[in-house]
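All chains are named by letter (A, B, ...) in the order of the sequence lines, taking the proteins before the strands, and each is independently numbered beginning at 1.
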2 protein chains.
Amino acid sequence: MAEPVPSGGSIAEPLKSLGLTKYEALVYVALLKASGATATELHELSGVPRASVYPVLERLSQKHLVSVSNTSPKRFNPVKPDDAIDLLMRSIESDATRAKTELSRVYAQAERPARGDQELIWSIHGDDQIRSRLFELLRGARSSVQIIFYWDHLKEELITTLLSLAATVRVDIITDRFTTPVPDRIHVTVRTPPESHGIATGKCMAGGVVIVDGKQAMVVMGSKEEGFTALYSEASGFIRFFTMYWNFFSSWIRT
Amino acid sequence: MAEPVPSGGSIAEPLKSLGLTKYEALVYVALLKASGATATELHELSGVPRASVYPVLERLSQKHLVSVSNTSPKRFNPVKPDDAIDLLMRSIESDATRAKTELSRVYAQAERPARGDQELIWSIHGDDQIRSRLFELLRGARSSVQIIFYWDHLKEELITTLLSLAATVRVDIITDRFTTPVPDRIHVTVRTPPESHGIATGKCMAGGVVIVDGKQAMVVMGSKEEGFTALYSEASGFIRFFTMYWNFFSSWIRT
DNA sequence: TAAATGTTGTTATCACAAAAACAACATAGG
DNA sequence: CCTATGTTGTTTTTGTGATAACAACATTTA
């Protein structure tokens, strides 16, 4: 018995994002396994140095995660995990909403030079950010959307978004496999590019190009393992290059 | 211009609970005020050392809170505050739910010596914990509840909870001001204790005693500023003492 | 009873890593 | 040339992790 509980380490890990230190997490988990334990028992059970157990339990008590007995030796009781985590989350959530309102106010008040985004090429990291910016971009389309995509994980959402665009928007799609029926204003070209072309080769590589209204362009590439990277720009050179790329790709693919 | 932004410090504060460091928060807030700024501009605007701005922006980029341009000098754009905070919160929430399930499993599997709570007196800190344990205790009442409370902030919830108890539970209440009509099985004694008694003196002091089924007792005291502290016990001596206290208080108050 | 032993709770101290703050340097662009 | 940028390295600081020593008290053993 009294093994160092290798699983305890992994269990304690997510607690650290909730504001607990390593020791706090370890002791709390140990206390869950032995409610009403003494400091020494917790020391043995958690692997935390005995002398450190006392200040750690003090901190946990101040965070309202444990209650303490008045006996000698002191005994400790954990707050039920659900209550404890709800407690921590409430605190974090309140901070989050406060931050949200204050930061949104700051962001709204800041006068943004409209030229800020012009002539620059932005790198975007993170699947969520890319997704968010991509659909924001598409929903802003007014006259035309030209899109090449060779990926799967956003295909459905992408198609429904494209279909929901106003009828005045001309949509050109180049992709592999496409089964959904579409209205006339949407032109779909299906073609699996050869391996040599580099895009969509093998397992998880994916990529895409989106040009909206001939004024905004976004390029995405990456793999599911290494994550995705995207470029976005309204710079004329950037637009020209990828419009040319689109034209070339489009005509080449019809051969 | 370029004042050190004293408000920035307080605005950046709640971001730290979301896993950002001081610098990360400061730079992000500064970037909200000046989208598309360069590293040097952010240094001047945030007060963060210029050399530190680069690694900080690198970290923010990895956390998907900013996007970077490819120009020279580099320019940076913030992710919209709402998106950014939602992003951070989602990550924390997923950790929280994971922790909740795993910890609940641990807590459920642990065999809890039923005698653990016996004969011990537990200190409980934190308004929420006290509230939670208090109502848990009341809802567990089977035959009797004796309660003295001189506080306001839980009065309503307390009364509704007491009214919702089974008809087989005899309820005795001693408190100040009481207006709600109650069924016969509930006995209410109203009396404002003199200042000298020490309970409920002045502004925000408050206190209370609860005895459930003659087997469990909880005592609460504190002030709204300093917070509350509670004692809970099933120890016979503890119960005896406060039952006696209750009897004394009850008879004295009727004079 | 008195000495030896063990446990508890506390305090002081040291080690270590991350973050914060500063200094130095190479270089690109005006 | 000079300024500003971007990068690198070093120092200081802070919070946490880790070890040792200590007083108070209880228990055991001679």
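Following rounding to the nearest Å, A:Leu26 (CG) and D:dT16 (P) show an atom-to-atom distance of 14 Å. B:His43 has its NE2 atom 13 Å from the P atom of C:dA23, to the nearest Å. Summarising the geometry, the separation between CD on A:Glu58 and P on D:dG15 is reported as 17 Å, rounded to the nearest angstrom.
A search for side chain to side chain contact (heavy atoms under 4.5 Å, CB included) contacts involving B:Ile239 returns B:Ala217, B:Thr243, not counting sequence neighbours. Residues that satisfy the side-chain hydrogen bond (donor to acceptor under 3.5 Å, both in side chains) test with A:Ser52, not counting sequence neighbours, are absent from this structure. With sequence neighbours excluded, no residue forms a side chain to side chain contact (heavy atoms under 4.5 Å, CB included) with B:Ser94. Partners of B:Tyr107 by ring pair (Phe, Tyr, Trp, His ring centres under 6.0 Å), not counting sequence neighbours: none found. Listed by chain and residue number, B:Lys80 satisfy the salt bridge (charged side-chain N to carboxylate O under 4.0 Å, His left out) test with A:Glu136 (two or more places apart in sequence, or in another chain).
Among pairs with a residue in residues 206-217 of chain A, none fulfils salt bridge (Lys or Arg N to Asp or Glu O under 4.0 Å), at least two apart in sequence or across chains. The stretch residues 60-72 of chain B participates, sequence neighbours left out, in these salt bridge (Lys or Arg N to Asp or Glu O under 4.0 Å) pairs: B:Glu24-B:Lys63.
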Between N or O atoms, less than 3.5 Å apart, protein on one side and nucleotides 3-10 of chain D on the other: list the pairs.
| residue | atom | partner | partner atom | Å |
| --- | --- | --- | --- | --- |
| D:dT5 | OP2 | B:Thr40 | OG1 | 2.5 |
| D:dG6 | OP1 | B:Lys74 | N | 2.4 |
| D:dG6 | OP2 | B:Tyr54 | OH | 2.9 |
| D:dG6 | N7 | B:Arg50 | NH1 | 2.9 |
| D:dG6 | O6 | B:Arg50 | NH2 | 3.1 |

Kindly give the atom pairs (protein nitrogen or oxygen, nucleotide nitrogen or oxygen) under 3.5 Å for nucleotides 14-19 of chain C.
none

- Message: Run the salt bridge (Lys or Arg N to Asp or Glu O under 4.0 Å) test on A:Glu44 and A:Arg50 for me, step by step, so that the C-alpha distance in whole Å, both residues' side-chain angles and the decisive distance to 0.1 Å come before the verdict.
- Response: CA-CA 8 Å; A:Glu44 291 165 350; A:Arg50 196 178 64 86; over 6 Å; no

